[in-house]
There are 4 protein chains.
Amino acid sequence: MSVTPLRGGPAREAELLGVVLDVLRETGYDRLTIEAVAARAKAGKHTVYRRWPSKAELVVAAFVNAVSDRPVVPDTGELRGDLLALMESLVGELARLGDVIAGLVGEILHNADLARAVQQNYIAGRRRLTLEVFERAWARGELSRSADTDLLWQVGPAVLFFRALVSGEPVDHELARRLVDHIVLPIALGRR
Amino acid sequence: MSVTPLRGGPAREAELLGVVLDVLRETGYDRLTIEAVAARAKAGKHTVYRRWPSKAELVVAAFVNAVSDRPVVPDTGELRGDLLALMESLVGELARLGDVIAGLVGEILHNADLARAVQQNYIAGRRRLTLEVFERAWARGELSRSADTDLLWQVGPAVLFFRALVSGEPVDHELARRLVDHIVLPIALGRR
Amino acid sequence: MSVTPLRGGPAREAELLGVVLDVLRETGYDRLTIEAVAARAKAGKHTVYRRWPSKAELVVAAFVNAVSDRPVVPDTGELRGDLLALMESLVGELARLGDVIAGLVGEILHNADLARAVQQNYIAGRRRLTLEVFERAWARGELSRSADTDLLWQVGPAVLFFRALVSGEPVDHELARRLVDHIVLPIALGRR
Amino acid sequence: MSVTPLRGGPAREAELLGVVLDVLRETGYDRLTIEAVAARAKAGKHTVYRRWPSKAELVVAAFVNAVSDRPVVPDTGELRGDLLALMESLVGELARLGDVIAGLVGEILHNADLARAVQQNYIAGRRRLTLEVFERAWARGELSRSADTDLLWQVGPAVLFFRALVSGEPVDHELARRLVDHIVLPIALGRR
DNA sequence: TCATAAGCGAGACGGTACGTCGTGTCTTACG
DNA sequence: CGTAAGACACGACGTACCGTCTCGCTTATGA
């Protein structure tokens, strides 16, 4: 007379996506195998295919699931503090999800659905967050009227991505600080 | 008095790498198949494997081959012109090789050899080129003494990559100009 | 209340083995290819390899399957009739399975498992059958007490094999009759 | 006007054929590889292919070469002695060339050239030898007028082949003696 | 005496088959 | 019913041989 919950249901789903992240970290996107994911999760392949029809969608789901707990907009009362907080959260995110993002990059150009998913579930959020920070600075009178914020917002993320995924240089607190103090903040404030 | 190539040797090699670029553009890294490359080049699989032991090394070779004709250092006599020329050459490169680079990104984190190859054959060259531009500007007295050139050089490439590979926004002349005029040049000159 | 076969299981198996016989007849053992068998049966290679791990075992299985419906012991009430019946069944078997047996011969010396399989699944049965015929003849008082039946039983099969597989001479009813009347029967009866 | 010997010519040829026998003995016909033969003989593949255009012809050549020193017709003055000598030489031959013959058997049915080569270079010789023995016995008055010599001559070889190549039973002096004393000689002499 | 041609070892080449593994679909048996 | 398990047709993996083909190198005259 007990209610039978849909066996595992959403919990099982999260479990599977967690396994996807693990496998991605260990082997990379190209060598990730749906069979391996199912095996490690002690699931049948059908249970995976029923939910996500392809490797790309599976990995996107894992990615979206992992970034869905969006960081709260920081509000330190000062542009520099807000920017540093944003950069720090990105640094942490890259440490956790660098592999996932790297794998997705290879697909984005050949998969419009994936491109849209990343754009809407990830980029847009980051952009929004940073623009809010700029808006608050504008309201406080900190922001230079000439700052190209639509370009400026992505300088920080872009450099972090570039170093993490392409050039292989370290991505850490010190880098975040240099980016803010030597590039983003001077441009935003309109002075060097 | 003609040089006798070792039975098609280097010529065949370039031919194969050209096919790799074609296939990459059409299908992306993940779905690139050595069998498909061999078939399209009317080569036996062994002919491919003899030269490049894995898909990753094959694609790296295609990439290195495609970028090996390095752009000459531009010298317009003015920092802005030099930076614009650098950005323009990058824009063109991304149009030609965006897919290849995207594919490589997914592997870099899991393949130290590949990371090194990209670093040495690509990143280092771009970095050198840009730093030379900064040095000439310094010699001309254009460059601010406080500019963090070691970070600054990669702002342009990073944003271009970010937009081309991740956010999917357009990468064109206008973007190159905005990057130079709104971000890189102000920081380099030390004024807004 | 019907027996549910395991998804095509045994039926598919017999189908595959039939294809093996066809291919053997057309091309011979050396040129038989597992890929060709799978293709002709519209099966994946895995479906073949799952059941038989090597070409030799596959061919043995096809052979055993083809001879598994053992001929009934003939009982004509007279030694000559029994022997003729045995020879005739052999003649037919050689017509059907000569190629298969020929292929196996090349492997028997280098494959103990195969040797045992042929010995137990084929030779032993033929031997048993013939010795029963001799026993009945003995019971009837037809058989010479000095007949070396352990050697004699294989004279017929040996000559048929020799002609079918080695010397290429015809193997037919007339040969069977000559073998019985000129060799085996005289020795068995103890008179010429 | 001397004939130019093809460098190393016949000697190298015999050497290669010797290697073929070795490889056959070790691996069997099906797994014999022209590449392996060439490698072991430190020869280029071309050197092998120049002389023998296929595996079957190569092996036939090795076989013919190995049996080309035909045994002299024994003449012990008595049918039993002659037959024993013939059988003994066959027993030895099977020990040396069983593998080669086994391999050939698998091809004979699908290769008319091979069939003819074996027939002419091997079977015919054996047959001739044995019939001569029977003729001498006839001349001496030993042979029954009713003996079917055309069939009888191959009883011995057939049983030896059958046991060596198919049933795997031992082939030795004792077997040779039993064959002569219990089968061939009684039939030949027309008494039991 | 020397080029010169042939045989040679070596091995690259375009292919085919190997035996393994992953794909995405489907079926079975269980709880 | 949703699931774990895994068979299935398919096709790519990376390796090994196929039979053809060029390479240089030797070697042995016959110009």
Side-chain angles (χ1 to χ4, degrees), chain A residues 4-9 12 16 30-39 41-55 58, chain B residues 4-9 12-13 16 31-39 41-55 58, chain C residues 4-9 12-13 16 30-39 41-55 58, chain D residues 1-9 12-13 16 31-39 41-55 58:
Chain A
T4 318
L6 340 176
R7 292 218 284 102
R12 193 79 176 106
L16 291 172
D30 187 50
R31 278 175 291 281
L32 176 138
T33 263
I34 292 195
E35 210 151 57
V37 170
K42 285 204 154 293
K45 287 196 290 178
H46 204 52
T47 302
V48 178
Y49 278 108
R50 192 196 328 282
R51 299 169 198 271
W52 306 283
S54 74
K55 175 168 147 181
L58 173 61
Chain B
T4 318
L6 347 171
R7 258 208 300 121
R12 194 80 175 104
E13 196 147 322
L16 292 173
R31 277 174 293 279
L32 176 138
T33 261
I34 292 193
E35 215 150 61
V37 170
K42 286 204 155 292
K45 286 196 285 179
H46 200 50
T47 301
V48 178
Y49 279 110
R50 186 179 309 120
R51 300 168 197 272
W52 306 283
S54 72
K55 176 168 147 180
L58 173 60
Chain C
T4 318
L6 347 171
R7 264 211 296 120
R12 192 82 176 103
E13 195 147 321
L16 291 172
D30 186 51
R31 276 174 293 280
L32 176 138
T33 262
I34 293 194
E35 216 149 58
V37 170
K42 283 205 154 293
K45 286 197 285 179
H46 201 50
T47 302
V48 178
Y49 279 109
R50 185 178 311 123
R51 300 167 196 273
W52 307 283
S54 72
K55 176 168 147 180
L58 172 61
Chain D
M1 82 298 324
S2 70
V3 179
T4 317
L6 340 176
R7 289 219 287 104
R12 192 79 174 107
E13 197 146 321
L16 291 172
R31 277 173 293 278
L32 176 136
T33 264
I34 292 193
E35 212 151 57
V37 170
K42 285 205 153 292
K45 286 196 291 179
H46 205 52
T47 303
V48 179
Y49 278 109
R50 190 191 336 277
R51 301 168 196 273
W52 306 283
S54 73
K55 174 167 147 180
L58 173 60

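Owing to the predicted nature of the structure, the values given are computational and were not obtained by experimental measurement.
- Taking side-chain N and O atoms only, A/Thr47 has no distance below 4.0 Å to OP1 or OP2 of F/dT3.
- With rounding to whole Å, D/Arg31 atom CZ is found 14 Å from F/dC18 atom P.
- Judged by distance alone, the side chain of C/Lys45 and the main-chain N or O of C/Ile34 form no donor-acceptor pair under 3.5 Å.
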Taking only nitrogen or oxygen atoms into account, show me every contact under 3.5 Å that the protein makes with nucleotides 18-22 of chain E, one pair per line with its distance.
unit_1: E/dC18; atom_1: OP1; unit_2: C/Ile34; atom_2: N; d: 2.7
unit_1: E/dC18; atom_1: OP2; unit_2: C/Glu35; atom_2: N; d: 2.8
unit_1: E/dG19; atom_1: OP2; unit_2: C/Tyr49; atom_2: OH; d: 2.4
unit_1: E/dG19; atom_1: O5'; unit_2: C/Tyr49; atom_2: OH; d: 3.3
unit_1: E/dG19; atom_1: N7; unit_2: C/Lys45; atom_2: NZ; d: 3.0
unit_1: E/dG19; atom_1: O6; unit_2: C/Lys45; atom_2: NZ; d: 2.6
unit_1: E/dG22; atom_1: O3'; unit_2: A/Thr33; atom_2: OG1; d: 3.3

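- Within the 4.0 Å cut-off from OP1 or OP2 of F/dG2, not a single side-chain nitrogen or oxygen of A/Arg51 is found.
- Qualifying side-chain contact (heavy atoms from CB on, under 4.5 Å) partners for C/Ala43, counting only residues two or more places apart in sequence or in other chains: C/Arg12, C/Leu16, C/Ala41, C/Thr47.
- Between A/Arg50 atom CZ and E/dC26 atom P the separation is 13 Å, expressed in whole Å.
- Counting to the nearest Å, the P atom of E/dA17 and the CG atom of C/Leu58 are 16 Å from each other.
- Contact record, C/Asp30 with D/Lys55: OD1-NZ, 3.1 Å, taken as the closest heavy-atom pair.
- Here F/dT27 presents its C1' atom at 15 Å from CZ of D/Arg12, a figure rounded to the nearest Å.
- Not counting sequence neighbours, the partners of D/Arg31 by the salt bridge (Lys or Arg N to Asp or Glu O under 4.0 Å) test are C/Glu107.
- Whole-Å rounding puts the B/Glu13 CD to E/dA12 P distance at 13 Å.
- Rounded to a whole Å, the CH2 atom of A/Trp52 is 16 Å from the P atom of E/dT25.
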